[in-house]
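From a predicted model like this one, the values you see are computed outputs, not experimental measurements. Counting starts at 1 for both ligands and their atoms, following the listed order.
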Amino acid sequence: MPKDADAKAAPAHVAIIMDGNGRWAQKRGRPRLFGHHAGARRVREIVEACPQLGVKYLTIFAFSTENWKRTQSEVAGLMSLFRKYLRREADDLYQSGVCVRFIGDRVRLDEKLVARMDDLELRTAGNDRVHLTVALNYGGRDEVTRAAKRLAYEIEQGRLTHQDVDAETLAGFLDTHVLPDPDLVIRTSGEARISNFLLWQSAYAEYEFVDTLWPDFSAEEFAKVLSAYSNRDRRFGAVRA
Ligand code: IPE
Ligand code: IPE
Ligand code: MG
């Protein structure tokens with residue numbers, strides 16, 4: 001099987017649940033937002049490490065559909081951080097050949113933030129060195145639900161019939177429709193759960209849970225996690241001959 005032949009290669013698509021910012025700040029007696037700022041600073045190093053490690057696609061979980069449950073001040077602080085981050089990093093991302101995309105529901109995000117997201121997507125659309133996808137107001141169940149709703153609408157309009165519905169058609173309605181499935185999902189901070197991240201797409205992903213809190217996760221540790229991945233035997237349900 002061609003997929004088995006790839007098993008020893010670097011993961012083409014790595015997805016990261018960047019967790020532990022709050023605890024990182026608490027350990028230092030600082031407010032949670034201090035940890036989010038430190039976490040945001042880590043992103044660049046990890047993105048920049050991708051090309052030499054053979055990672056073509058990097059998807060990072062920045063804000064979940066459940067994160068609205070946090071205090072108003074933490075949510076507002078995060079939204080303001082995202083806006084500033086996009087303004088500050090836009091030129092560098094563009095110049096480093098990064099193609100940036102966003103997944104998640106934009107409806108609940110503020111207009112100014114959405115405008116910056118749209119601009120950055122448009123500006124970097126021709127880049128191909130690394131494909132960075134930022135999951136913002138993203139939830140796997142929400143994504144599948146929105147996809148099912150759009151699919152139902154297409155059927156209602158007579159453009160599709162129920163006979164057309166298969167896994168491929170449904171996947172075509174997901175936010176990730178242009179991306180390959182993740183090969184490896186990494187979660188920092190010691191929690192061993194996926195918290196509604198890429199539920200559909202990770203059906204056959206490998207998982208690595210590391211204890212390091214996200215603001216301490218270095219390119220060096222990233223490389224180590226990737227080398228552990230290369231020893232895994234991915235069978236995709238088949239039996240090795
Ligand atoms: C991850 O860090 C960032 C977001 C969810 C926005 P947390 O804020 O969840 O940090 P902990 O898990 O409380 O330490
Ligand atoms: C997952 O982390 C979401 C992001 C990293 C953006 P959470 O900290 O929100 O997840 P739970 O609440 O521990 O499951
Ligand atoms: Mg957390």
Are any of the N/O atoms on Ser195, whether in the backbone or the side chain, positioned under 3.5 angstrom from an N/O atom of ligand 2? yes
Are there over 12 heavy-atom neighbours, none belonging to Gln95, within less than 6.0 Å of that residue's CD? yes
Looking only at side chains, do Glu221 and Thr212 share a donor and an acceptor under 3.5 Å apart? yes
Decide whether an N or O pair under 3.5 Å exists between Asn21 and ligand 1. yes
Please report the interatomic distance CZ(Arg108) to CG(Leu136), rounded to the nearest 0.5 Å. 13.0 Å
Return the orientation label for the Phe236 and Tyr204 ring planes: parallel under 30°, perpendicular over 60°, tilted otherwise. tilted
Criterion side-chain contact (heavy atoms from CB on, under 4.5 Å) against Tyr138, the qualifying member of Leu198, Asp105, Asn196: Leu198
Side chain, backbone, both or neither: the part of Phe197 lying under 4.0 Å from ligand 2 by heavy atom: neither
Set out, in order, the CA-CA distance, both residues' side-chain angles and the distance that settles side-chain hydrogen bond (donor to acceptor under 3.5 Å, both in side chains) for Arg234 and Tyr229, then state yes or no. CA-CA 10 Å; Arg234 300 182 74 188; Tyr229 165 92; 2.9 Å; yes
Does Met18 approach ligand 1 within less than 4.0 angstrom via side chain, backbone, both or neither, non-hydrogen atoms only? backbone
Do the side-chain N and O atoms of Glu74 and His36 include a donor-acceptor pair separated by under 3.5 angstrom? yes
For ligand 2, which atoms, with element, lie under 4.0 Å from some heavy atom of Arg193? 11 (P), 13 (O), 14 (O)
Should the pair Asp216-Arg42 be classified as a salt bridge under the 4.0 Å nitrogen-to-oxygen rule? no
Thr169 and Asp166: side chain donor to acceptor below 3.5 Å: yes
Under 4.0 Å to a heavy atom of Arg70 - the qualifying atoms of ligand 1, by number: 4 (C), 5 (C), 7 (P), 8 (O), 9 (O)
Counting non-hydrogen protein atoms only, what is the nearest one to atom 13 (O) of ligand 1? Give residue, atom name and distance. Arg32 NH2, 2.9 Å
With heavy atoms and a 4.0 Å threshold, my read on which part of Lys69 contacts ligand 2 is neither
Just heavy atoms, cut-off under 4.0 Å: does Arg187 contact ligand 2 by side chain, backbone, both, or neither? side chain
Evaluation steps, side-chain contact (heavy atoms from CB on, under 4.5 Å), between Leu184 and Ile186: CA-CA 6 Å; Leu184 172 66; Ile186 301 170; 4.0 Å; yes
Check ligand 2 against Asp19 and write out every atom of the ligand that is under 4.0 Å from a heavy-atom position of the residue. 2 (O), 8 (O)
Find all atoms of ligand 2 within a distance of less than 4.0 Å from any non-hydrogen atom belonging to Phe63, and give their numbers and elements. 6 (C)
Is Gly20 in contact with ligand 1, taking contact as a heavy-atom separation below 4.0 Å? yes
Can you tell me if, anywhere in Asp19, an N/O/S atom lies at a distance from the Mg ion (ligand 3) that is smaller than 2.8 Å? yes
Is it the side chain, the backbone, both or neither of Ala62 that has a heavy atom closer than 4.0 Å to ligand 1? backbone
Distance filter under 4.0 Å to Arg23 heavy atoms, resulting ligand 1 atoms: 11 (P), 12 (O), 14 (O)
Could you tell me whether Glu191 approaches ligand 1 through its side chain, its backbone, both or neither, with non-hydrogen atoms closer than 4.0 Å? neither
Among all protein heavy atoms, pick out the one at the shortest distance from atom 10 (O) of ligand 1; state its residue, atom name and that distance to 0.1 Å. Gly22 N, 2.9 Å
Residue of the set Leu53, Asp183, Val185, Val225 for which side-chain contact (heavy atoms from CB on, under 4.5 Å) holds with Pro11: Asp183
Test of understanding: given a 4.0 Å heavy-atom threshold, classify the contact between Asn67 and ligand 1 as side chain, backbone, both, or neither. side chain
